[in-house]
Structure formats: C-alpha cells, structure tokens
Amino acid sequence: MELNSTVVGKRRPLALPLLAVGVFAVGTEGLVFAGLLPNLAADLNVSVGAAGQVTTVFALAYAIAAPLLSMLTESWKPRSTLLAGFGLFTLGNILTALTPSLVLMLCWRILTAAGAAMITPTSTMVAASLASPERRARAISVVMTGLTVATAAGAPLGTLIGGGFGWQAAIWSITGLGVLAGIAIAVGVPTLPGRPRRGLRARLGPLTVPTIRRILATTLIGFVAVYLFYAYVSVVYAPLTADNGFLAGLILTIGVAGVVGNVIAGSLTDRFGARWVVTGALLITALAMVAAGRTGTNHVLAIITAAAYGVAAWSITGPQQHRLLMADTGRTGLPVALNSSAMYLAIAIAGALGGAVAGSGHWPILTVAALAAVIAAGVSATTTARRASSST
C-alpha cells in the first residue's frame, strides 16, 4: 500500500474518525481488565494475581501477533485486513464473556489480541495513505487519538459498567463497539490496494536498517517509562490517591491531557519533524515524573504534574509511527506493526519492573521510569533519518 493521497480518500471525510473508533475499541480492550480484576477473580474463583494474567497474556500475544500477521496479510487490501481483525476481535470477546474458566479465557485473550494486532497497525497505514505528505502526521494523530481517548474515557467507563453490571457487561459493551466499528469501516473507509507479496528476506528487510531498529528501541524503552508511571499512579501520588475519587480524577486528567498532546504532536511533527518532537516529549515526561515525586500532599500540584505527564507521554505514539513510515522505504508495513508490538511488550515489562520496586515507595518507580525516558530520548535524538527526504 503506497503512501499517497488518493481521490477516493477525499470522498470519505469520515474515514479517519472511523478508524479512530476502531483503535479506541482496541485500546479500551487492552486497559479495561485492570479495573475488573476483583470481580473477575471472584467469579472465576481464582486469585487477583492469577486473574491479572488476562492482561499480561493479551499484551504478549499482541506483541507477537502484530508482525507475524502483518507479513501474512501484506498482499490483502487494507480494508479486508481491518474487517478480518474486527472479526477475530469480536469472536474473541464473545468467547471471553461466555467462558467459565481462567484457562479458556487466556486462550480467548490470545484470539482477541490477534484481531487487535491486525487493526491498529493497519489503521495507521490507511491514515497515512489517505493524507497528503504535508498532513500525514496529523492524519496519524487523528487515528491514534482513539488510543488516548481509550485511556481517558474507555477504560474508566468499562470499569464503571463492570462494577455495576458485572465484568461480562463491560466485555459485551466492547464487543458491540467492535461490531459497530467494523460495519462503519466497511462502509466509510475506501478500498486501497494491498502491497505486492514478497519473499521472507524482503519482508524482514526493514530489520536490517539501523534507523528502524533505533526508532523501535525508542518506542520500547520510552513506553516502559510511560506505562510504569501510569500503571502505578496510585503509588506515585500516595497518600493523595487514598481517596478513590481523586485517583479517578488523576487518571481522567492524564487521559484528557493525552488527547491534547496527541493532537498537538501531529501538527508539530508536520511542521518541525518527528525526531525532535519525540525527543522533547520524552524529556518533558522525565521531568514531569520527577516533579510528581515532590507533590507531597498538594492536590493542585498533583493535577498539574499529571497533566504535564499526560501531554508529553502521549505525544510520542503518532510521531513514532510517522518516523517508521518514512524510514520504511520498501513500504512493507512491518516496522509499524513492530512499533505496536513494542508498545504492548512495554506494558508487560513495566508491570514486572513496577512489581519489583513498588513495595519501596514511589521514588524507586519514578527513578526507573524517568531514567528509561531519558535513555529513550537519547536514542531518539541520535537516530538520524535514513534518507534526506525523511522527516525523522
């Protein structure tokens, strides 16, 4: 699929928002179980720790499936890939909602993750193809706004539904949203050609490009920092977050700020280039983390540092996708899929790191997270464009 603006794309003004809705469903799916674990554990008669593996398995399955399915479906029309992804996503969620055991649920989480892994990377590719070169980063940011809105509203709303009507109700809600998004995309997203089928060596060619490897490393290390802070926000702002209402407000603040940051990042990338947007966002993220550790019992400062973190941390995703699209001169689509894999792998790594240090208070978490953000910023700043015309 070539990255060219097309006339047919211009006849579908709702294509980007519809793709964003699909990404919103995927993002909500990946986050919602965090708030459903007590109910899930009680219903399946397992420990909360065991129930938490539904999130870990989803993240790892997504990380593995995204590049494999990208290569498998490279010759498919992007809309066909999206619809197949929504089919698997929907089936996996239906089986998850109906399952009576944790073992079966983990199997269905793998199936759901495979569908999700076909949706987000393909949505990014379609967005880039429908935009003119000077507006490409903004088009990507519109689609990736779905992910930040999932953080701000999707996961909290799913948790609210699950708390009031049972965890199955939350999953059924996401299932319905996925079905509606799939139907809307079938109608509102134009048909674009698939990429030529190529041999395994050509498919893996992008991995031999140092620029692409360094961009992927930036995503992995940077999002370990992002998710380490986010997953343990209740520890970071203790004792303020002993008040569940204030904790919910902090999470909402981060999500709303993330939406703003994502939109701003798209415009800044089109104007100044992605490399410095990503580098600056990572450094601001690190500073916000350090500042968060010094808020003490000040509610106002806590809100300010949470907002600063949200704007900066969620300004990374779109520009990183843009950098990879520009560096992937063979238009294989593999780097974009691997970028999504890196984000979900970062979730698993952040969970493990946080579990190891959270018992010692908030400073170990913040130190590790801020250090990871600074390292990622260094990798980003020293990653030069593969070719002169690239905006990385």
Under 4.5 Å side-chain heavy-atom separation, chaining through any Ile, Leu, Val, Met, Phe, Trp or Tyr, what else clusters with [X]? Say none if it is isolated.
{"X": "L287", "value": "none"}
{"X": "L83", "value": "none"}
{"X": "F24", "value": "V21, V149, L177, V259"}
{"X": "L98", "value": "I94, W172"}

Flag, side chain of [X] to backbone of [Y], donor-acceptor distance under 3.5 Å:
{"X": "T305", "Y": "A291", "answer": "no"}
{"X": "S341", "Y": "A63", "answer": "yes"}
{"X": "S47", "Y": "A50", "answer": "yes"}

Rounded distance [0.5 Å steps], CE in M289 versus OG1 in T367
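That separation rounds to 11.0 Å.
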Option from T96, L44, L106 for which side chain to side chain contact (heavy atoms under 4.5 Å, CB included) with V54 holds:
L106
Shortest non-hydrogen contact between L95 and W108, atoms and distance:
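Closest pair (atom of L95, atom of W108, distance): O-CD1, 3.4 Å.
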Which pairs with one or both residues in residues 285-304 pass ring-ring contact (aromatic ring centres under 6.0 Å, His included), sequence neighbours excluded?
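For residues 285-304, and leaving out neighbouring residues, the ring-ring contact (aromatic ring centres under 6.0 Å, His included) pairs sorted by first residue read F246-H299.
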Would you tell me whether R323 and T218 have side-chain atoms, one donor and one acceptor, within less than 3.5 Å of each other?
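Short answer, no.
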Say whether N262 and S141, considering side chains only, have a donor N or O and an acceptor N or O under 3.5 Å apart.
no
Salt bridge (Lys or Arg N to Asp or Glu O under 4.0 Å) pairs touching residues 21-30, sequence neighbours excluded, are E29-R109
